[in-house]
*Asks:* 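Structure below; questions to follow.
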Amino acid sequence: MTETTLRTATRTRRSNPVITLGAILLTLLILPTSVTGSGVALPHIGLDTHAPLAALQWVVHGYNLTFASFMLACGSLADLVGRRRMFLSGAALFAVASLVSALANDIYLLDLTRAVAGIGAAALLTSGSSLLAATFEGAARTRVFAAVGIMTGAGLALGAMVAGVLADAWGWRSFFGVHALLMALVMLAAPGMRESRDASVAGVDWAGTATLVAGLFLLMLGVVEGPQWGWASTSVLGMLAGSVLLMAAFVLVERRQRHPMLDLALLRNARFMALCLIPVVVTFAFVILLPLLPNYLLVANSTTSQAAGTTMLLMTLPILPTPVLAGKLIKWGLSLRAVLTASLGLLTLGAAWLALVLHPGVEAAELAGPLITLGVGLGLNFGLVDGAVLTVVAPEATGTAAGFLNTLRLGSEAIAIAAAGSALVNLLQGRLSGGSGRIPGYRGTPEALANSVNSGDLTGPLSTVPSGVRSRFFDFMTQGFTESWHIVLWGSAATCAILSAGICLMLAEPKRSVRSRRRHGRGAAANVGTPLAVCTDPCTRGDSSPHTCATGLACSVHQAPAE
């Protein structure tokens, strides 16, 4: 045995799957809370730093932007330099950025560190998933990725409440400080992880990464600053035009690359694109509410951050048990398309229902119906989409497919949150410009007032108004803010309805698959005739009878023979 082989064998023996799993599950609990919790902390950050809304919003937008933009690049780099090394680097970057965020006194430094944390998050997510796939096999891998879904859902469910509790009790800095501490614990697990890499990866597509990141940045900057600078301003129009040009350049770069980080041929696969668009519906119905709805509750209900975060549990807690229901529905014979259609319908219904019940002073009981509906809608496709995406592409394209799915998911979240926040500010500004003069005693500008309210702070502007008109001022502001929310919610519901209809059509089985199913009967052989639409996960059943896996697609190991 050579010295190199001996060192490799020793390192393999010392690797501990339990430690690897624990570290990655803790990471997957932390990353979603950084998205959902930072929105709840924004009012506290604004009051402490006196930051303008445009700069304050980048605490959320900066993290989302880099998280989305660097997913594909970090995945390629992890394959090249090693997944364990990439995971440790991402953990260190996230921990240091979170620590500096907790200590920052300048809003622009905080924005920068949050963007750096987003790069660390991209490295952690891509390398962590690969480490789990390399560490576990067969039935163990199935159980592990089920735990991954549960932990990610827990992060989404608890993030807003935890952030509210920490911000109210110890200030907003404690939220980022806890992140730094927990990520330091993750780093301690690095010696127990096994290194793995892909020797076939030639390198990182830096040209594609640069054009993608720059294009997304200009798009988000234009969307965020549109209400502040004016949508017809030269700067905003220039940024939006620059974004279009950079995205076109990205396509050209990827077409010329020998090893592109995105195979553009995937975009011609209708079923693949349909599955990738489902997270976009989730974004418009569900994700935009995570950072923005708590601010509405702070203003319109005069509640605390902790109470607002607790109310959000009505929407996030159903994510935890509902994926189990989705699995049972498929096991009982419901098709994957039917489950996904039900999910999209509930998400669209939840957004429209919320628009109907939202009003100043709204009670938790009134919000329960739409928020639980949204949570169940997300839970029905949570994890199901990720598994199904890998079954509708060729095996050698699964890595790129997963990277594109997550890039589209996180990119749509970043842009939609920015667009929804900007729309609320713009709509409220329009109302204030036409009616704020009726409120005596307030001397600020409509722009400043709209920014303050949308960041969750009405207390500051209210304190500048004479006590005799504060009640009238409060009613006027909360009613205007509610009307702005109604427009945004109805727009979101309409967008979800249009996208959902298109997705359902794109998910329809090809005619040859339907004919084959009629020959063989419903069930396991339903996808014979569409070779790419079969499950590629390792089969754990001991018998040789045809059956379907958790995705509702035919098992690739035991299929009925074609006639």
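This one's a predicted model, so the numbers in the text were calculated from it and none came from an experiment.
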*Asks:* Do other residues, nucleotides or ligands put more than 12 heavy atoms under 6.0 Å from Gln479 CD?
*Replies:* yes
*Asks:* CE/Met315 to CD1/Ile372 distance, rounded to the nearest 0.5 angstrom?
*Replies:*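 Rounded to the nearest 0.5 Å, the CE-CD1 separation comes to 11.5 Å.
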*Asks:* Is there side-chain contact between Phe404 and Leu267, with heavy atoms separated by less than 4.5 Å?
*Replies:* yes
*Asks:* What pair of heavy atoms forms the shortest contact from Gly155 to Thr33, and how long is it?
*Replies:* O-CG2, 3.4 Å
*Asks:* Do Thr66 and Arg114 get their side chains close enough for a donor-acceptor pair, meaning under 3.5 Å?
*Replies:*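 Judged by distance alone, the side chains do not pair up.
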*Asks:* Ignoring hydrogens and angles, tell me if any N or O in the side chain of Ser452 forms a donor-acceptor pair with the backbone of Ala448 under 3.5 Å.
*Replies:* no
*Asks:* Go through the steps to decide whether Phe481 and Asn454 satisfy the test side chain to side chain contact (heavy atoms under 4.5 Å, CB included), and finish with yes or no.
*Replies:* CA-CA 8 Å; Phe481 197 29; Asn454 196 52; 3.7 Å; yes
*Asks:* Do you know which two heavy atoms are closest between Met71 and Thr126, and how far apart they sit?
*Replies:* O-CG2, 3.4 Å
*Asks:* What pair of heavy atoms forms the shortest contact from Ala423 to Val488, and how long is it?
*Replies:* CB-CG2, 4.0 Å
*Asks:* Could you tell me whether the side chain of Pro360 reaches within less than 4.5 Å of the side chain of Tyr296, counting heavy atoms only?
*Replies:* yes
*Asks:* Nearest heavy-atom pair of Leu346 and Gly377: which atoms, and what distance?
*Replies:* CB-CA, 3.8 Å
*Asks:* Taking all heavy atoms of Cys496 and all of Ser500, pick out the closest pair and write down the distance.
*Replies:*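 Minimum heavy-atom separation between Cys496 and Ser500: O-OG, 2.6 Å.
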*Asks:* For a 4.5 angstrom cut-off between non-hydrogen side-chain atoms, does Leu289 reach Leu374?
*Replies:* yes
*Asks:* Indicate the ring-plane relationship of Phe175 and His179, choosing parallel, tilted or perpendicular according to the 30° and 60° boundaries.
*Replies:*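 Rings of Phe175 and His179: tilted, 30 to 60°.
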*Asks:* Under a 3.5 Å distance rule, please check whether Ser174 uses its side chain to pair with a backbone N or O of Gly171 as donor and acceptor.
*Replies:* yes
*Asks:* For the side chain of Arg173 and the backbone of Ala104, is there at least one donor-acceptor N/O pair under 3.5 Å apart?
*Replies:*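 Looks like yes, one N/O pair under 3.5 Å.
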*Asks:* Classify the ring geometry between Tyr63 and Phe94 as parallel (under 30°), tilted (30 to 60°) or perpendicular (over 60°).
*Replies:* perpendicular
*Asks:* Would you name the heavy atoms of Ala493 and Thr348 that are closest together and state the gap between them?
*Replies:* O-CG2, 3.6 Å
*Asks:* Quick one: does Leu371's side chain get under 4.5 Å of Leu293's, heavy atoms only?
*Replies:*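 Counting from C-beta outward, Leu371 and Leu293 do come under 4.5 Å.
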*Asks:* Could you measure the distance from the OG1 atom of Thr283 to the CG atom of Leu290? Nearest 0.5 Å is fine.
*Replies:* 9.5 Å
*Asks:* Go through the steps to decide whether His44 and Asp168 satisfy the test side chain to side chain contact (heavy atoms under 4.5 Å, CB included), and finish with yes or no.
*Replies:* CA-CA 8 Å; His44 297 266; Asp168 284 342; 3.2 Å; yes
*Asks:* With a 4.5 Å limit on heavy-atom distance, are the side chains of Leu405 and Pro279 in contact?
*Replies:*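 Sidechains of Pro279 and Leu405: in contact.
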*Asks:* Between Ser471 and Asp475, is any pair of side-chain heavy atoms under 4.5 Å apart?
*Replies:*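 Sidechains of Asp475 and Ser471: in contact.
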*Asks:* Quickly, which of Thr316, Leu314, Thr322 forms a side-chain contact (heavy atoms from CB on, under 4.5 Å) with Pro318? Name it, please.
*Replies:* Thr322
*Asks:* Could you go step by step and tell me if Leu347 and Asn381 meet the side chain to side chain contact (heavy atoms under 4.5 Å, CB included) rule?
*Replies:* CA-CA 11 Å; Leu347 287 167; Asn381 73 64; 4.1 Å; yes
*Asks:* Would you check if the side chain of Ser343 reaches a backbone N or O of Leu378 as a donor-acceptor pair within less than 3.5 Å?
*Replies:*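 No; zero donor-acceptor contacts below 3.5 Å.
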*Asks:* State, yes or no, whether a side-chain contact exists between Leu340 and Leu275 at a heavy-atom distance under 4.5 Å.
*Replies:*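 Sidechains of Leu275 and Leu340: in contact.
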*Asks:* Quick check for you: to the nearest 0.5 Å, what is the distance between Leu449 atom CG and Phe473 atom CZ?
*Replies:*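 Result: 4.5 Å between the selected atoms.
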*Asks:* Distance check, rounded to the nearest 0.5 Å: Trp353 atom CH2 versus Glu366 atom CD?
*Replies:* 11.5 Å
*Asks:* When rounded to the nearest 0.5 angstrom, what is the spacing between CG in Leu65 and CD1 in Ile417?
*Replies:* 12.0 Å
*Asks:* Check whether His486 reaches the backbone of Leu358 with its side chain - one donor and one acceptor, N or O, closer than 3.5 Å.
*Replies:* yes
*Asks:* Within the side chain of Ser422, is there an N or O that forms a donor-acceptor pair under 3.5 Å with the backbone of Ala419?
*Replies:* no
*Asks:* Do Gln429 and Val425 touch side chain to side chain, with heavy atoms closer than 4.5 Å?
*Replies:*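 Side-chain contact under 4.5 Å: yes.
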*Asks:* How many angstroms lie between OG1 in Thr303 and CG in Leu297, if you round to the nearest 0.5 Å?
*Replies:*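 These two atoms lie 7.0 Å from each other.
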*Asks:* Give the intermediate values and the outcome of side chain to side chain contact (heavy atoms under 4.5 Å, CB included) for residues Phe476 and Leu432.
*Replies:* CA-CA 9 Å; Phe476 178 78; Leu432 295 176; 3.7 Å; yes
